[in-house]
**Student:** 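Quick one: this structure, given as structure tokens, is what I'll be asking you about.
Just so we're on the same page: letters track the sequence lines, and every chain starts at 1. Keep in mind that the numbers below use all heavy atoms, side chains included, and drop hydrogens, waters and symmetry copies.
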Amino acid sequence: MTIDSDRNVDSVRVRFAPSPTGYLHLGGARTALYNWLWARKRGGVFILRIEDTDVERSTQDSVEEILAGLKWLGLDWDEGPYFQTDNLSKHKEAADKLLHEGHAYRCFCSKEDLDNQRKEAESKKVAFMYDGRCRNLTPEQVQKNIENNILSVLRFKVPRDQVPSVTLEDVVYGKIEKRTKDIEDFVILRSDQSPLYILSNAVDDSLDRITHVIRGADGIANTPKQILIYNALGITPPTFAHMPLTLDNKKAKLSKRVHGEVVTVAYYRRKGFLPWALCNFLALLGWSSQDGQEFFSREELIEAFDLSRINRHNSIFNYIPGDAKNWTDPKAIHFNATYIRSMPLDEIEVYAKKELEENNLWDQSYESTKKEWFRATVDLIRTRYHLITDFSSKGRYCFSDVFEFDPKAVKKNLCQDSKLVAYIPEFAQLLDHLQEFNLENVEAVFREFALEKDVKAGLLINAARTAVSGSSVGPGLFEMLVMLGKERVVARLRDSVNLIDKHS
RNA sequence: GUCCCCAUCGUCUAGCCCGGCCUAGGACACAGGCCUUUCACGCCUGCGACAGGGGUUCGAAUCCCCUUGGGGACGCCA
């Protein structure tokens with residue numbers, strides 16, 4: 001259990017606080033998931049807060065994309081979405097308080113000036129830290145600057161003399177210590193008096209009575225600063241749990257800009273992922289269960305999840321750009337495929353239906369007269385599918401007579417033996433005469449025909465597979481034929497002879 | 001450059017806090033085999049790691065130090 005499990009046992013409040021400056025990406029989804037899991041596990045509250053204080057870059061589209069992504073993933077929130085900009089007055093109030101109580105001061109240094117200093121430091125390869133030159137301005141000097149309309153920002157006065165170091169007990173990283181001499185007097189209010197993230201975030205977390213801040217490890221550097229703010233404001237800081245980052249295979253932070261859509265949640269939705277399969281995969285990037293279980297239902301994962309089992313090292317999202325089969329982390333595909341073939345039929349049917357509808361392959365009868373047929377078909381073909389989109393692509397032949405023939409399959413299975421041109425119409429005829437088009441009878445036709453002609457059954461079976469499905473792979477042939485029904489099978493077999501002509 | 005953090009199979013990880021049960025376990029991927037009418041199903045087998053060096057100890061993947069490697073943060077972004 002966590003460090004403060006006793007104190008917060010009945011009142012966990014966590015939040016996911018994305019900035020609406022882009023897409024919901026995998027890293028954000030994972031952060032949201034961990035927060036959600038923790039809230040659900042502890043019977044707490046999961047809050048969604050949009051941190052839109054960067055007016056320049058925040059967009060409404062991005063907000064909608066984030067909400068849609070979370071909804072799709074099934075990460076429902078209990079409060080919000082709150083918008084950080086709605087709290088601006090509170091943030092300014094806090095800043096005023098810090099100023100009046102001597103925890104902050106006006107800094108009149110110009111941005112250009114500081115940028116130059118920073119550049120110079122960089123070229124000299126020395127560390128740049130604001131030197132605090134405005135810290136000890138006399139009230140008269142400050143007044144004079146204000147009268148002269150010199151713009152000022154508000155900087156936090158890091159109490160280096162009183163507090164030698166800030167330590168925190170991170171739930172996942174343990175004790176983290178930072179000397180105050182290594183923390184610069186950071187800006188909390190811009191020159192237009194708008195608050196910065198470091199301030200707003202801390203104030204909002206306290207306003208929202210957040211008990212656990214669960215965020216990426218890139219937030220570690222901010223934490224000591226925020227603790228200093230909490231202390232100056234007389235607020236007890238929340239518990240922090242930083243989660244390791246997810247890097248790409250070159251160990252760079254995942255980002256939409258450099259990695260493209262493969263890191264966006266929307267992409268997985270489009271490509272045919274089951275939302276829970278993605279969640280399940282994401283949960284395992286940095287966390288593991290005590291007993292090694294990897295597949296979890298929502299309830300099971302909530303039960304098994306614990307902040308204390310989050311590991312400390314960054315993980316790599318192992319996708320290989322340009323690899324058609326492994327267009328994303330192979331393990332993620334493995335999760336999706338496993339869910340597709342093992343989830344309750346009732347649930348997968350819903351996804352299959354939606355997929356077919358979107359591709360004009362849906363027929364109303366699949367819910368009435370052909371309901372059982374549809375169920376059986378979905379169950380038959382899902383075994384080897386990796387993605388929901390496979391139902392409309394690889395499975396197209398089940399739902400439409402217009403489908404593609406894989407040239408390699410045609411060559412391999414139909415053009416392989418010239419006798420097939422004669423055989424196919426023959427056994428198509430035999431099948432056509434079948435009273436009952438069931439597994440036994442259909443198989444018998446193939447077996448007996450093979451015997452009679454003294455050829456391997458496989459020759460006929462493979463030819464038939466390609467003739468009726470256009471492919472060389474798929475479910476067991478006889479199941480497939482019975483599923484398609486006599487009429488379609490016979491017609492497709494007869495038509496397939498034309499394919500052979502074309503190719504030979 | 002400064003500060004913070006991390007380091008087990010190619011990847012995700014278990015084990016580490018409380019040294020011996022570790023000839024280091026699982027999963028994905030990969031390879032081979034089986035089943036079979038095909039296959040991206042299933043089953044079996046294999047491949048494959050404690051970054052390096054010093055300590056401490058009877059004994060170290062586990063504790064300590066150093067080196068190396070990696071990541072993150074150093075904005076009037078969030």
**Student:** According to the Watson-Crick and G-U wobble definitions, with both distances under 3.5 Å, which nucleotide is paired to B:rA27?
**Tutor:** B:rU11
**Student:** Please determine, for B:rU38, whether a Watson-Crick or G-U wobble partner exists with both distances under 3.5 Å, and give it or none.
**Tutor:** none
**Student:** Output every pair passing salt bridge (charged side-chain N to carboxylate O under 4.0 Å, His left out) with a member in residues 288-297 of chain A, not counting sequence neighbours, ordered by first then second residue.
**Tutor:** A:E294-A:K331
**Student:** Does any donor atom in the side chain of A:H91 or A:D204 lie under 3.5 Å from an acceptor atom in the other side chain?
**Tutor:** yes
**Student:** Classify the nucleic acid contact of A:I316 as base, sugar-phosphate or nothing, counting any heavy atom under 4.0 Å across all strands shown.
**Tutor:** sugar-phosphate
**Student:** When the C1' atoms of B:rU11 and B:rG55 are considered, how many whole Å apart are they?
**Tutor:** 34 Å
**Student:** State, to 0.1 Å, how close A:A283 and A:Y34 come at their nearest heavy-atom pair, and which atoms those are.
**Tutor:** O-OH, 2.8 Å
**Student:** Is A:H334 touching bases, backbone alone, or none of the nucleic acid, heavy atoms closer than 4.0 Å?
**Tutor:** sugar-phosphate
**Student:** Would you say B:rA14 has OP1 or OP2 under 4.0 Å from some side-chain N or O of A:S288?
**Tutor:** yes
**Student:** Hey, does A:R312 reach any base, or is it just sugar-phosphate, or nothing, if we go heavy atoms under 4.0 Å?
**Tutor:** sugar-phosphate
**Student:** Does A:P475 reach a base, just sugar-phosphate, or nothing at all? Heavy atoms under 4.0 Å.
**Tutor:** base
**Student:** Tell me what A:R49 touches on the nucleic acid: a base, only sugar-phosphate, or nothing, going by heavy atoms under 4.0 Å.
**Tutor:** nothing
**Student:** Hey, which of these two, A:Q290 or A:F335, hits RNA chain B nearer its 5' end, going by closest nucleotide?
**Tutor:** A:Q290
**Student:** By the 4.0 Å heavy-atom rule, please label A:K394 as base, sugar-phosphate, or nothing.
**Tutor:** base
**Student:** Given that A:W287 and A:D182 both sit by RNA chain B, which one's nearest nucleotide is further toward the 5' end?
**Tutor:** A:D182
**Student:** Counting only pairs under 3.5 Å, give me each side-chain donor-acceptor contact of residues 448-459 of chain A, with atom names and distances, residues two or more places apart or in other chains.
**Tutor:**
unit_1, atom_1, unit_2, atom_2, d
A:K453, NZ, A:E426, OE1, 3.1

**Student:** Is there a Watson-Crick or G-U wobble partner for B:rG59 with both distances under 3.5 Å, and which nucleotide is it?
**Tutor:** none
**Student:** Please determine, for B:rA73, whether a Watson-Crick or G-U wobble partner exists with both distances under 3.5 Å, and give it or none.
**Tutor:** B:rU2
**Student:** Would you kindly give the CG-to-P distance between A:N280 and B:rA27, to the nearest whole Å?
**Tutor:** 16 Å
**Student:** Can you list everything that forms a salt bridge (charged side-chain N to carboxylate O under 4.0 Å, His left out) with A:D218? Sequence neighbours excluded, please.
**Tutor:** A:K253
**Student:** Heavy atoms only, 4.0 Å cut-off, all strands: where does A:S315 land among base, sugar-phosphate and nothing?
**Tutor:** sugar-phosphate
**Student:** Quick one: ring-ring contact (aromatic ring centres under 6.0 Å, His included) partners of A:Y319, sequence neighbours excluded?
**Tutor:** A:F317
**Student:** Sugar-phosphate atoms are those with a prime plus P, OP1 and OP2; base atoms are the rest. Using that split, label each nucleotide of nucleotides 70-78 of chain B B, S or - for protein heavy atoms under 4.0 Å, 5' to 3'.
**Tutor:** SSSS-SBBB
**Student:** Tell me, which pairs form a side chain to side chain donor-acceptor pair (under 3.5 Å) where one or both residues lie in residues 462-478 of chain A, sequence neighbours left out?
**Tutor:** A:N413-A:T466
**Student:** Check every strand shown and say whether A:G292 touches a base, only sugar-phosphate, or nothing at a heavy-atom separation below 4.0 Å.
**Tutor:** nothing
